[in-house]
2 protein chains.
Amino acid sequence: MALEHALLVALRERPAAGLDLARRFDASIGYFWTATHQQVYRVLGRMERDGWVTSRVVPQEGRPEKKEYAVTTLGETVLADWLAQPLQRDPVRSAVAVTLRGASYGDRDTVLAHVEELIADHRTRHAAYTAMAARDYPDPTALSGQALDQYLVLRGGLLMEETWIAWLTEYAAAHRPAHRTAAQEPR
Amino acid sequence: MALEHALLVALRERPAAGLDLARRFDASIGYFWTATHQQVYRVLGRMERDGWVTSRVVPQEGRPEKKEYAVTTLGETVLADWLAQPLQRDPVRSAVAVTLRGASYGDRDTVLAHVEELIADHRTRHAAYTAMAARDYPDPTALSGQALDQYLVLRGGLLMEETWIAWLTEYAAAHRPAHRTAAQEPR
DNA sequence: CCTTACATGTAATCCGTTACATGATTAG
DNA sequence: CTAATCATGTAACGGATTACATGTAAGG
């Protein structure tokens with residue numbers, strides 16, 4: 001539903017081929033959207049059919065040629081119209097939360113071990129975002145326009161990672177003491 | 001993929017009919033999962049066919065009868081197996097973030113107005129969760145087991161709301177000053 | 001040659017959303 | 001008898017995931 005618009009934003013920032021876009025969704029855009037290359041190719045095909053983007057074949061040195069996509073004026077209009085829509089809260093669908101809430105119906109020690117692993121993963125991601133911010137936006141107060149928006153969305157990624165770490169840590173802490181000291185919970 | 005497991009957790013907490021579950025997903029479970037009644041009915045049907053749950057018809061006073069579902073021992077096993085799986089970070093797919101990052105390709109004032117509305121929505125939700133926490137868990141330190149898990153997931157909902165408010169506020173603040181002081185942008 | 005990385009796709013399947021359909025019961 | 005609420009569904013469509021398919025080019 002909105003992958004098309006995420007692609008329009010990405011392509012307006014810089015024209016790119018399908019795989020390039022898929023890689024961006026793995027890396028720099030990954031903190032607010034994920035997409036596989038299959039998905040990207042299919043949606044790009046539909047967008048080209050509808051005239052939102054055009055493609056041109058670009059030969060490369062020592063690599064197979066690629067199809068670089070760019071946004072058309074129609075695509076610009078479509079994006080501007082979409083951006084003018086009222087914002088709705090993003091739908092929540094957290095398998096992690098389901099697991100945490102249901103932990104007493106399974107083996108809690110296993111869940112807690114997995115929570116620790118997940119915390120480590122979020123810490124790693126947080127460190128990566130911090131490094132990106134320091135490298136790409138050393139002086140945030142000087143930013144405006146697109147660069148400011150990009151920085152602020154990266155800030156959102158950072159804040160979300162911090163929240164996940166705080167929440168999962170609180171969850172683990174609330175369960176571990178009772179688990180270490182009291183003999184009341186046999187399993 | 002995990003709606004079935006969310007339903008298993010909900011039904012282990014308390015057996016219920018399809019509409020009851022859909023209402024719970026609108027209310028108390030809504031801060032970590034959403035589902036419409038159509039979805040719930042279809043998945044419940046499949047789960048009953050697979051023997052994860054059983055249903056019994058319950059007559060009601062002054063209302064049509066309902067089909068109450070409960071988890072079978074097979075369903076308990078399925079849930080326990082699923083809970084033992086390693087936790088993966090929840091996939092991110094935020095149309096809000098796409099909008100924020102792409103704002104310069106549309107009308108920024110409109111986006112900022114919608115951001116303010118969204119902040120208000122998150123504040124409302126945050127207040128509702130706070131009230132739920134005060135009403136249902138007045139003394140969190142006394143909790144353990146399922147009740148503790150439910151409380152901690154509600155805590156996660158609260159933390160997420162706070163993060164959304166902080167992030168959107170930061171976004172608006174970073175854009176508004178340039179907008180108020182400079183005479184370049186009349187409105 | 002064989003493997004690896006690059007590049008673009010198709011097909012099958014499953015999940016989710018939206019619109020529609022049906023019937024019971026109560027309140028007006 | 002009509003409208004509103006409760007309750008359970010079906011059907012159609014589109015989006016997303018997973019597995020598979022094809023071909024180019026460099027490196028060992």
Side-chain angles (χ1 to χ4, degrees), chain A residues 1-8 11 15-27 29-30 32-50 53-69 82 88-95 98, chain B residues 1-8 11 15-27 29-30 32-50 53-69 82 88-95 98:
Chain A
M1 186 193 63
L3 172 56
E4 319 155 21
H5 305 105
L7 288 171
L8 285 174
L11 288 175
L19 253 202
D20 298 332
L21 287 166
R23 280 200 210 95
R24 273 200 236 167
F25 278 98
D26 270 352
I29 300 183
F32 69 94
W33 203 275
T34 51
T36 61
H37 76 272
Q38 292 93 333
Q39 234 183 313
V40 169
Y41 281 122
R42 195 151 30 90
V43 173
L44 279 176
R46 190 174 60 222
M47 288 166 74
E48 186 172 26
R49 172 173 58 76
D50 295 343
V53 295
T54 47
S55 66
R56 66 189 184 96
V57 172
V58 178
Q60 296 183 107
E61 290 294 314
R63 280 193 281 183
E65 55 187 20
K66 65 178 181 181
K67 271 168 75 179
E68 192 174 85
Y69 290 86
W82 183 78
Q88 290 183 314
R89 56 169 55 234
D90 293 315
V92 189
R93 197 161 285 140
S94 170
V98 174
Chain B
M1 186 193 63
L3 171 56
E4 319 155 22
H5 305 104
L7 288 171
L8 285 174
L11 287 175
L19 253 202
D20 298 331
L21 286 166
R23 281 200 210 96
R24 273 200 236 167
F25 277 97
D26 269 351
I29 301 182
F32 69 93
W33 203 275
T34 52
T36 61
H37 76 272
Q38 293 91 333
Q39 234 183 315
V40 170
Y41 282 122
R42 194 150 33 93
V43 174
L44 278 177
R46 190 173 61 219
M47 289 166 75
E48 185 171 27
R49 172 173 59 74
D50 294 343
V53 296
T54 47
S55 65
R56 67 187 184 99
V57 172
V58 178
Q60 296 182 108
E61 289 294 313
R63 281 193 279 184
E65 54 187 23
K66 66 179 180 180
K67 271 169 75 179
E68 192 174 84
Y69 289 86
W82 182 79
Q88 290 184 314
R89 57 169 55 234
D90 293 315
V92 189
R93 198 159 287 141
S94 170
V98 174

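Quantities reported herein were computed from a predicted structural model and do not represent experimental measurements. Order of the sequence lines fixes the chain letters, A, B, ..., with proteins taken first and strands second; residue numbering starts at 1 for each chain. What's counted below: heavy atoms across the whole structure, side chains too, no hydrogens, waters or symmetry copies.
With respect to B:Asp26 and B:Arg23, no salt bridge is recorded, no charged nitrogen being found less than 4.0 Å from a carboxylate O.
The end-to-end axis angle of the helix from C:dC1-D:dG28 to C:dG28-D:dC1, rounded to 10 degrees and based on five pairs per end, is 0°.
Per the geometry, CG belonging to B:Leu3 stands 16 Å off C1' belonging to D:dA16, to the nearest Å. The distance between atom CZ of B:Arg93 and atom C1' of C:dC15, rounded to the nearest whole Å, is 12 Å. Taking atom CD on A:Gln38 and atom P on C:dA11, their separation rounds to 14 Å, with Å as the unit. When the P atom of D:dT17 is taken as reference, atom CH2 of A:Trp33 falls 10 Å away, rounded to whole Å.
For residues 36-46 of chain A, the pairs satisfying salt bridge (charged side-chain N to carboxylate O under 4.0 Å, His left out) are A:Glu4-A:Arg46, with sequence neighbours left out.
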With side-chain contact (heavy atoms from CB on, under 4.5 Å) as the test, would you mind laying out the steps for A:Phe25 and A:Leu3 before giving the verdict?
CA-CA 11 Å; A:Phe25 278 98; A:Leu3 172 56; 4.3 Å; yes
Taking it one step at a time, do A:Lys67 and A:Leu44 satisfy side-chain contact (heavy atoms from CB on, under 4.5 Å)?
CA-CA 11 Å; A:Lys67 271 168 75 179; A:Leu44 279 176; over 6 Å; no
Could you go through A:Trp33 and A:Leu7, starting from their C-alpha distance and side-chain angles, then the distance that decides it, and tell me whether this counts as side-chain contact (heavy atoms from CB on, under 4.5 Å)?
CA-CA 10 Å; A:Trp33 203 275; A:Leu7 288 171; over 6 Å; no
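The phosphate of D:dT17 (OP1 or OP2) has a side-chain N or O of A:Gln39 nearer than 4.0 angstrom.
Counting non-hydrogen atoms of neighbouring residues, nucleotides and ligands closer than 6.0 angstrom, the CD atom of B:Gln60 exceeds 12 such neighbours.
When side chains are defined from C-beta on, A:Leu21 does not count as touching A:Tyr41, because their heavy atoms never get closer than 4.5 Å.
The base of D:dT17 sits with one of its N or O atoms less than 3.5 Å from a complementary donor or acceptor on the side chain of A:Arg42.
One finds the OG1 atom of A:Thr34 at 10.5 Å from the CZ atom of B:Arg89 (value rounded to the nearest 0.5 Å).
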Write down the protein N/O and nucleotide N/O pairs, taken from nucleotides 3-8 of chain D, whose separation is under 3.5 Å; answer none if there are no such pairs.
{"from": "D:dA7", "atom 1": "OP1", "to": "B:Gln60", "atom 2": "OE1", "distance (Å)": "3.2"}
{"from": "D:dA7", "atom 1": "OP1", "to": "B:Gln60", "atom 2": "NE2", "distance (Å)": "2.9"}
{"from": "D:dA7", "atom 1": "OP2", "to": "B:Arg23", "atom 2": "NH2", "distance (Å)": "2.8"}
{"from": "D:dT8", "atom 1": "OP1", "to": "B:Lys67", "atom 2": "N", "distance (Å)": "2.7"}
{"from": "D:dT8", "atom 1": "OP2", "to": "B:Leu19", "atom 2": "N", "distance (Å)": "3.1"}
{"from": "D:dT8", "atom 1": "OP2", "to": "B:Tyr41", "atom 2": "OH", "distance (Å)": "2.7"}
{"from": "D:dT8", "atom 1": "O5'", "to": "B:Tyr41", "atom 2": "OH", "distance (Å)": "3.2"}

